[in-house]
Amino acid sequence: MSDFNDFNNPQVAKLPKHLRQFIVEQHYEKYTPIDQAVWRYVMRQNYSYLKQVAYYPYIKGLQRAGLSIEYIPNLQTMNDNLGKIGWGAVTVDGFIPPAAFMEYQAYRVLVIAADIRQINHIEYTPAPDIIHESAGHAPIIADADYNSYLSYFGSIGAKAMFSSKDFELYEAIRNLSILKESADAPEQEVAKAEKHLQVVAENMGEPSEMALLGRLHWWTVEYGLIGTLEEPKIYGAGLLSSIGESSSCMKDDVEKKWYTIDAINAQYDITKPQPQLFVTPTFQNLIDVLEQYADTMAFRRGGAESLSKAIECKNPATAVYSSGLQVTGIFTDMGIDAADELTFIKTTGPSALAVDHKQLEGHGKFYHKDGFSSPVGRLNGLVLESLSLTELQDLGIATGQVADLTFDSGIQLKGTVKEIIQHAGKTVLIAFEDCTVKESNGNVLFQPEWGTYDMAIGEKIVSVFNGAADKDAYEEITHISEQQTHKVSYDEKTQKLHDIYKAIRTIRQEKRDYEKCVSLFEELKTEHRSDWLATLEILEIIYHKKLDSAFEKELRDYLELKAANEADYRKLITDGLHVIENPVSQLITEED
């Protein structure tokens, strides 16, 4: 991780260690001349088209985020610029787990995949790349209403419960995206990965909170439209960064629907163009819909239904007692009465106790290394957490005394009070020595030989959310995929093609040595017949300098013949020719 990630941007500097683990160096020097040409082509195409259909003034948005049309962005420059509007950016290796992605948003930090798409996926890639993340998300981040929605969504998403199947789906998506962006991946491997993703996606069962929230994120942050159904504008980063779909999405065969909570029922496929899109009249409507869904989530509802989500998750989660005590661990069991009210909760393995997201001293995961269990509910009709120390003493609950307690659920406890912990006027924890805890049916929950019994106090479980209450103290290191994005090694022929691209860029920038274009084109024709972008860049130079009409015609004929004979290149070349004849620099001047 580079130093500026730590210190030069206030938002990045605030990131806790469980999020910092995903950050990788950008290694700007690894971008090849072809990578730079891909960025430039996409950005020129984007601006040529998006100036008509993007919600936010595209170039002004790029400039405010520290981006240019000419060069792949440098993260240092982006952080310097984003810091002025209260945001930051970090580079990561491809897809990261959804919960972590959401939490970055809550910290107002853009997560940017360090890699860039290959030229053969120049129109669209399912893999996150620097074009999608920076050219898609960053230009609109300067809009105050939108970035408020983005960070608020992150704060909601970071609490969302996920299912054990969600991570399997995440790994399948990550694997496919890596293979699709790998230059040397065998076709059968890609097909196998696509089939595996399909099987996983079709067997997810009931969608989790994170899965449903992911749909709202997809139809807004990634693929959202704003305005009217008849003339919507694009604000979603997936569309802003796709030179193919940003155009096709506006056609009549892509259905436009009003964005409501019903969008949560619309599934999506990241590998295909979307069959419908949702239009919001305002960004405030996005927040209203998010609030509607958040009211159904475990972190706001609590109770047995919410705890069952934590049990199914099979990963660390936190249950919050009405007293304010937060119990973090992998939940494995719970008790419920005839009215579906919780009577006890249980975790297995390292667990921790906290209040206000700060771990209680002496109650970390090493102390509670084997798990934690405690009753939930009233004691003889009394709300125990609300009683004063005097009132507790009247019930026989005082330090050094033997307490004999029976909860309304029938759970019985007998033991010597060791310690009573209060916070903000409420009792949150009582520790007992020589303690026995039993259910009404005689089932033993705790025995004296097991040591000190720490009993959580609270009438109800009012909230359940993903992850630890005090993440830094719990040292919650989220699982990072073992499969890293492929690092390409280039053969001699490809390296020579890089040299050609580099030479073309030098000629264009230094505005000299135009005669070299002829020999460069000859090399392209003879040694690199599959390439089209370098020839397009040479034509751009010759066309604008009006240097050699015969050479210009030869270049144009070559490209038009390639477009006619090779369907994969037809739209790319045609669109490239259009931008050459309608230069971006002129368009920028017109907008300003």
Side-chain angles (χ1 to χ4, degrees), residues 1-15 19-20 22-47 56 58-94 96 101 104-105 107-119 122 125 127-142 147 181 237 240-241 484-485 487-488 490 498 501-502 504-506 508-510 533 537 584-585 588:
M1 194 190 314
S2 59
D3 289 343
F4 79 86
N5 275 335
D6 285 320
F7 306 117
N8 285 10
N9 181 284
Q11 299 308 124
V12 175
K14 292 176 187 175
L15 290 174
L19 291 181
R20 288 171 179 261
F22 295 102
I23 302 173
V24 299
E25 290 276 9
Q26 184 182 21
H27 289 301
Y28 194 89
E29 72 284 352
K30 78 178 180 181
Y31 298 121
T32 69
I34 294 179
D35 292 337
Q36 295 286 359
V38 165
W39 170 272
R40 184 173 183 271
Y41 176 90
V42 172
M43 296 303 291
R44 283 161 57 82
Q45 290 297 324
N46 276 355
Y47 186 63
Y56 199 75
Y58 198 67
I59 288 298
K60 289 175 181 171
L62 288 174
Q63 290 170 342
R64 289 196 69 179
L67 306 177
S68 81
I69 284 181
E70 291 294 318
Y71 290 101
I72 294 171
N74 178 287
L75 198 64
Q76 173 96 45
T77 305
M78 282 192 70
N79 266 305
D80 291 345
N81 283 270
L82 289 171
K84 296 172 185 174
I85 54 176
W87 279 72
V90 295
T91 41
V92 300
D93 184 57
I96 64 172
F101 182 86
Y104 273 109
Q105 277 187 202
Y107 277 93
R108 302 174 80 86
V109 173
L110 286 179
V111 176
I112 296 176
D115 291 327
I116 187 168
R117 67 194 63 178
Q118 293 180 71
I119 191 170
I122 196 168
T125 174
D129 79 329
I130 198 164
I131 292 177
H132 169 81
E133 308 294 351
S134 56
H137 288 293
I140 195 174
I141 207 77
N147 73 46
E181 278 304 310
L240 290 174
S241 62
Q484 302 295 295
T485 53
K487 307 306 176 191
V488 182
Y490 301 103
H498 289 168
Y501 273 89
K502 184 177 181 180
I504 294 169
R505 180 175 282 268
T506 300
R508 184 176 65 248
Q509 290 176 334
E510 296 184 359
L533 183 52
E537 289 203 330
V584 170
S585 56
I588 296 171

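Not measured: the values here are computed from a predicted model.
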Mind listing the closest non-hydrogen atom pair of [X] and [Y] along with its distance?
X: Asp93; Y: Val24; result: N-CG2, 4.0 Å
X: Glu25; Y: Thr91; result: C-OG1, 3.9 Å
X: Tyr107; Y: Lys14; result: CE2-O, 3.7 Å
X: Gln11; Y: Gly86; result: CG-O, 3.2 Å
X: Lys30; Y: Asp35; result: O-OD2, 4.1 Å
X: His132; Y: Ser241; result: ND1-OG, 3.0 Å

Euclidean distance, [Y] [atom2] relative to [X] [atom1], rounded to 0.5 Å:
X: Ile141; Y: Leu82; atom1: CD1; atom2: CG; result: 7.5 Å
X: Leu67; Y: Asn74; atom1: CG; atom2: CG; result: 10.5 Å
X: His137; Y: Asn147; atom1: NE2; atom2: CG; result: 13.5 Å
X: Ser134; Y: Leu62; atom1: OG; atom2: CG; result: 8.5 Å
X: Leu15; Y: Phe22; atom1: CG; atom2: CZ; result: 11.5 Å
X: Ile112; Y: Asn79; atom1: CD1; atom2: CG; result: 8.0 Å

Using side chain to side chain contact (heavy atoms under 4.5 Å, CB included), reason through Tyr490 and Thr32 one step at a time and then give a plain yes or no. CA-CA 10 Å; Tyr490 301 103; Thr32 69; 3.6 Å; yes
Can you find a heavy atom in the side chain of [X] that is under 4.5 Å from one in the side chain of [Y]?
X: Leu110; Y: Glu133; result: no
X: Val38; Y: Ile131; result: yes
X: Ile122; Y: Val42; result: yes

Partner set under ring pair (Phe, Tyr, Trp, His ring centres under 6.0 Å) for Tyr501, not counting sequence neighbours: none
For Tyr28, ring pair (Phe, Tyr, Trp, His ring centres under 6.0 Å) partners two or more places apart: Tyr31
Short question: side chain of Asn9, backbone of Trp87 - any donor-acceptor pair under 3.5 Å? yes
Whether Arg117 side chain and Trp39 backbone form a donor-acceptor pair below 3.5 Å: no
Between Ile130 and Gln26, is a side chain to side chain contact (heavy atoms under 4.5 Å, CB included) present by the stated rule, with each step listed? CA-CA 10 Å; Ile130 198 164; Gln26 184 182 21; 3.7 Å; yes
Look at atom CZ of Arg64 and say whether more than 12 heavy atoms of other residues, nucleotides or ligands are closer to it than 6.0 Å. no
Residues which pass side chain to side chain donor-acceptor pair (under 3.5 Å) with [X], listed by chain and number, not counting sequence neighbours:
X: His27; answer: Glu29
X: Asn81; answer: none
X: Arg505; answer: none
X: Arg40; answer: Glu70, Glu540

